[in-house]
Engineer: 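Structure below; questions to follow.
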Amino acid sequence: MPVPFDYETLRIIWWLLLGVLLIGFALTDGFDLGTAALLPFVARTDEERRMVINAISATWEGNQVWFILGGGAIFAAWPFVYAVSFSGFYLAMFLVLAALILRPVGFKYRSKKPDPAWRARWDWALFVGGLVPALVFGVAVGNVLIGAPFRLDSDLRTFYEGSLLGLFTPFTLLTGLLSVAMLVLHGAGWLSLKVEPGPVLDRARKWGQIAALLAIVLFVAGGLFVALGGIGYRIAGVVDPLGPSNPHLTGTVAAPGAWLDNYGRHPWMLLAPVLGLIGPAIAFLGIRGRRDVLVFAGSSLATVGIIATVGLSMFPFILPSSIDPGSSLTAWNASSSQGTLFLMLLVTVVLLPIVLIYTAWAYKVMFGRVTGEEVRLNPDFY
């Protein structure tokens, strides 16, 4: 069957779809992670903790679909990226998965016993299940920006020369803390919509203000580091967007400050960092004005802007190599075949709208605030 799109167009489409899936995960499961990370700080009594837990209990499982879709898209559309990231960052991903496993166990087992000590331990497990993935995801993004320590030999076999502790550098810790601040703000925005007025909502607003200010400060600090910290990569020579997927055919060099090049060539891309700054400010003002919808809208804009800033800054790079720039993976040299990308696009065109429609329907059905009375009287609540 003839493919109606050329190879370059399909590669760009799948680069965009990868971004959509990552943003979709951050927008949905992100507020679950942020809410769990806020649990010890916004809820003090058992009833208050149950209110916070049940604010996300109906949606967290469905929200993880975006995480699975993102991993599947990387595997199918960007096999080189999958091979390098899932092998090189294996221990970091194991850490994330171990933390995520605590969430379903914590939800299911926490209220099985009335013992306060038992429940407190599971509350801390839920906190770890929210904080650790938020931090490690941000650290991973920082490592993508500075480049991962991998190389490809002449047979395109992957060799990763880093370690788990090596992933945590001053810059990557900064991006990790930015991720935590961004998702905690998003969690506070979700609690603003989901819990009844009272002490829990008041504390969520207080921590949301702190997270909003930290998100702005850390985002600016990260931008200054990218501009002045000596990181960045640039393609040297002629780029063939229609060429075969072979990283060795692309000339790549380390170029400090190169992550800002795209903004000079395409000024419209500045919209992303602008959203990354305006979003937390809108959320902050929404909290101060007690306008709950505005808080969640601002945290959502912040999430979209911050993630889009990374992707647009790096394009066409997806995963550069810090030890062998010639092995760096880009949208032009790391994709699956043209036929595979087109076949996957057909599947996505059919299935993604179904996921979106079902998600919207589920949120509509389960929308509403969690109250203390419901927690006390409803036997189906955690």
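Positions are given from 1, in the same order as the sequence printed here.
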Engineer: Counting distance only, does the side-chain N/O of Glu196 pair as donor-acceptor with the main-chain N or O of Gly372 below 3.5 Å?
Structural biologist: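 Looks like yes, one N/O pair under 3.5 Å.
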Engineer: If you compare all heavy atoms of Trp78 against all heavy atoms of Thr330, which two are closest, and at what distance to 0.1 Å?
Structural biologist: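 Heavy atoms only, the tightest pair is CZ3-O, 4.2 Å.
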Engineer: Within the structure provided, determine whether Leu126 and Leu102 are in side-chain contact (heavy-atom separation under 4.5 Å).
Structural biologist: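 No, every pair of side-chain atoms sits at 4.5 Å or beyond.
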Engineer: With a 4.5 Å heavy-atom cut-off, do Leu249 and Pro244 have their side chains touching?
Structural biologist: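 In short, these two side chains touch, coming nearer than 4.5 Å.
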Engineer: Any luck finding a side-chain donor-acceptor pair between Thr35 and Asp32 under 3.5 Å?
Structural biologist: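 Judged by distance alone, the side chains do not pair up.
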Engineer: Any donor and acceptor pair, going by atom type alone, linking the side chain of Ser192 with main-chain N or O of Val295 inside 3.5 Å?
Structural biologist: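 Checking the backbone N and O of Val295 against the side chain of Ser192, no donor-acceptor pair under 3.5 Å is found.
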Engineer: Do the numbers put Arg103 on top of the ring of Phe107, so that NZ or CZ is under 6.0 Å from the six-membered ring centre and no more than 45° off the axis?
Structural biologist: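 Verdict for Phe107: no cation-pi partner in Arg103.
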Engineer: Is there a donor-acceptor pair closer than 3.5 Å between any side-chain N or O of Ser321 and the backbone N or O of Phe150?
Structural biologist: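 Yes, Ser321 side chain to Phe150 backbone: donor-acceptor pair under 3.5 Å.
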Engineer: If hydrophobic clusters are built by linking Ile, Leu, Val, Met, Phe, Trp and Tyr wherever their side-chain heavy atoms come under 4.5 Å apart, do Leu91 and Phe86 end up in the same one?
Structural biologist: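 Cluster IDs for Leu91 and Phe86 match.
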Engineer: Between Lys194 (side chain only) and Gly368 (backbone N and O only), is there a donor and an acceptor less than 3.5 Å apart?
Structural biologist: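 Yes.
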Engineer: Mind checking the CD1-CG spacing from Ile278 to Leu301? Nearest 0.5 Å is all I need.
Structural biologist: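 Here the interatomic distance stands at 8.5 Å.
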Engineer: Output all residues satisfying side chain to side chain donor-acceptor pair (under 3.5 Å) with Arg369, sequence neighbours left out; order by chain, then residue number.
Structural biologist: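 With neighbours one apart ignored, the set is Asp292.
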Engineer: Do Asn63 and Tyr363 meet the criterion of a side-chain donor-acceptor pair at a distance under 3.5 Å?
Structural biologist: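 A pair is found: one side chain offers a donor N or O, the other an acceptor, under 3.5 Å apart.
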Engineer: Would you say the side chains of Thr172 and Thr169 form a donor-acceptor pair under 3.5 Å?
Structural biologist: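 Yes - a donor-acceptor pair under 3.5 Å links their side chains.
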Engineer: Can you confirm whether or not the ring centre of Phe25 sits under 6.0 Å from the ring centre of Trp66?
Structural biologist: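 Judged by ring-centre distance (under 6.0 Å), Phe25 and Trp66 do not meet the cut-off.
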Engineer: Do Ser245 and Tyr7 make a side-chain contact, defined as non-hydrogen atoms from C-beta onward lying under 4.5 Å apart?
Structural biologist: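 With C-beta onward as the side chain, the pair touches.
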Engineer: Got a sec, which hydrophobics cluster with Leu343, joining ILVMFWY side chains under 4.5 Å apart, including via others?
Structural biologist: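 Hydrophobic cluster check, Leu343: no partners found.
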Engineer: In this structure, would Tyr160 and Leu145 fall into the same cluster of hydrophobic residues linked by side-chain contacts under 4.5 Å?
Structural biologist: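 Linked, Tyr160 and Leu145 end up in one cluster.
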Engineer: Please report the interatomic distance CZ(Arg110) to OG(Ser57), rounded to the nearest 0.5 Å.
Structural biologist: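 Arg110 atom CZ to Ser57 atom OG measures 12.0 Å (nearest 0.5 Å).
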Engineer: Taking all non-hydrogen atoms of both residues, which atom of Ala334 and which atom of Val81 are closest, and how far apart?
Structural biologist: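 For Ala334 and Val81, the tightest heavy-atom pair comes out as CB-CG2, 4.4 Å.
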Engineer: Using modelled atom types only, decide if a donor and an acceptor are shared between the side chain of Asp240 and the backbone of Leu242 within a distance under 3.5 Å.
Structural biologist: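 Yes: the side chain of Asp240 pairs with the backbone of Leu242.
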Engineer: Applying the 4.5 Å side-chain criterion to the ILVMFWY set and letting contacts propagate, would Leu191 and Met366 be lumped into a single cluster?
Structural biologist: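 Looking at the clustering, Met366 is in a separate group from Leu191.
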Engineer: Is any side-chain heavy atom of Phe127 less than 4.5 Å from a side-chain heavy atom of Leu131?
Structural biologist: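 SC-SC contact between Phe127 and Leu131 confirmed.
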Engineer: Tell me whether Tyr109 at atom OH has more than 12 heavy atoms from other residues, nucleotides or ligands lying less than 6.0 Å away.
Structural biologist: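 No.
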Engineer: Distance only, no hydrogens: is a donor on one side chain within 3.5 Å (strictly under) of an acceptor on the other, for Ser87 and Tyr82?
Structural biologist: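 Their side chains do not contain a donor-acceptor pair, so the 3.5 Å distance test is not met.
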Engineer: Could you check whether Arg11 and Ser335, counting side-chain N and O atoms only, form a donor-acceptor pair closer than 3.5 Å?
Structural biologist: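 Ser335 vs Arg11: donor-acceptor pair found between side chains.
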Engineer: Say whether, by atom type as modelled, one donor and one acceptor occur between the side chain of Ser336 and the main chain of Ala76 under 3.5 angstrom.
Structural biologist: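 Checking the backbone N and O of Ala76 against the side chain of Ser336, a donor-acceptor pair under 3.5 Å is found.
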Engineer: Is the closest side-chain heavy-atom distance between Phe67 and Phe137 below 4.5 Å?
Structural biologist: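 A side-chain contact under 4.5 Å exists here.
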Engineer: I need the minimum non-hydrogen distance between Gly311 and Trp15, along with the two atoms involved.
Structural biologist: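 Residues Gly311 and Trp15, closest heavy atoms: O-CZ2, 3.4 Å.
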Engineer: Answer whether the closest heavy-atom distance between the side chains of Arg151 and Thr158 falls below 4.5 Å.
Structural biologist: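 A side-chain contact is absent here, since even the closest heavy-atom pair is not under 4.5 Å.
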Engineer: Which pair of heavy atoms, one from Asn143 and one from Leu167, lies closest together, and at what distance?
Structural biologist: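 What the structure gives for the nearest pair is ND2-O, 2.9 Å.
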Engineer: Working to the nearest 0.5 angstrom, can you tell me the gap between Ile318 CD1 and Met314 CE?
Structural biologist: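 One finds 8.5 Å between CD1 of Ile318 and CE of Met314.
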Engineer: Just do the ring pair (Phe, Tyr, Trp, His ring centres under 6.0 Å) check on Trp332 and Phe315 with the steps written out, would you?
Structural biologist: CA-CA 10 Å; Trp332 314 131; Phe315 184 81; 5.8 Å; yes
Engineer: Please enumerate all residues that pass side chain to side chain contact (heavy atoms under 4.5 Å, CB included) together with Ala43, with sequence neighbours excluded.
Structural biologist: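 With sequence neighbours excluded, Ala43 shows a side chain to side chain contact (heavy atoms under 4.5 Å, CB included) to Leu39, Glu48, Arg49, Val52, given in chain and number order.
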Engineer: Please find the pair of heavy atoms, one from Leu178 and one from Ala215, that lie closest to each other, and give the distance.
Structural biologist: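 Heavy-atom minimum between the residues: CD1-O, 3.5 Å.
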Engineer: Do Phe75 and Val347 share a hydrophobic cluster, counting only Ile, Leu, Val, Met, Phe, Trp and Tyr and linking them when any side-chain heavy atoms are less than 4.5 Å apart?
Structural biologist: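 Cluster IDs for Phe75 and Val347 differ.
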Engineer: Is it possible for you to say whether Leu356 and Val65 belong to one hydrophobic cluster, with membership spreading through side-chain heavy-atom contacts below 4.5 Å?
Structural biologist: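 Yes, because Leu356 and Val65 connect within a single hydrophobic cluster, where side-chain heavy atoms sit under 4.5 Å apart.
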Engineer: Please answer whether the main-chain N or O of Ile146 pairs with a side-chain N or O of Tyr233 as donor and acceptor at a distance below 3.5 Å.
Structural biologist: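 Yes; at least one donor-acceptor contact below 3.5 Å.
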Engineer: Could you state the interatomic distance from CZ (Phe317) to CG (Asn333), rounded to the nearest 0.5 Å?
Structural biologist: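 These two atoms lie 8.5 Å from each other.
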Engineer: Minimum heavy-atom separation for Leu21 and Ala73, please, with both atom names.
Structural biologist: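 For Leu21 and Ala73, the tightest heavy-atom pair comes out as CD1-CB, 3.6 Å.
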Engineer: Quick check: does any side chain N or O of Trp190 sit under 3.5 Å from a backbone N or O of Ala55, one acting as donor and the other as acceptor?
Structural biologist: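 At least one qualifying donor-acceptor pair exists.
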Engineer: Under 6.0 Å from the CZ atom of Arg234, do we count more than 12 heavy atoms belonging to anything else shown?
Structural biologist: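 Result for CZ/Arg234: enclosed.
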Engineer: May I have the step-by-step check of salt bridge (charged side-chain N to carboxylate O under 4.0 Å, His left out) for Arg50 and Asp123, ending in yes or no?
Structural biologist: CA-CA 10 Å; Arg50 292 183 65 204; Asp123 289 339; over 6 Å; no
Engineer: Is the backbone N or O of Thr175 less than 3.5 Å from a side-chain atom of Ser179, with the two atoms forming a donor-acceptor pair by type?
Structural biologist: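 A pair under 3.5 Å: no.
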Engineer: Look up atom CD1 in Ile13 and atom CD in Glu8, then write down how far apart they are to the nearest 0.5 Å.
Structural biologist: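 Atom-to-atom, Ile13:CD1 and Glu8:CD are 11.0 Å apart.
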Engineer: Counting neighbours of OH on Tyr90 that are heavy atoms of other residues, nucleotides or ligands and sit closer than 6.0 Å, is the number greater than 12?
Structural biologist: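 12 or below, so no.
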Engineer: Can you tell me how far CD1 of Ile357 sits from CD1 of Ile354, rounded to the nearest 0.5 angstrom?
Structural biologist: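 Answer for the CD1-CD1 pair, Ile354 versus Ile357, is 7.5 Å.
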Engineer: Taking atom types as modelled and ignoring hydrogens, do the side chains of Ser300 and Thr303 form a donor-acceptor contact shorter than 3.5 angstrom?
Structural biologist: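 Checked: Ser300/Thr303 side chains show no N/O donor-acceptor pair below 3.5 Å.
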Engineer: When you measure from the side chain of His186 to the backbone N and O of Phe296, does any donor-acceptor pair fall under 3.5 Å?
Structural biologist: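 Between the backbone of Phe296 and the side chain of His186 there is no qualifying donor-acceptor contact (under 3.5 Å).
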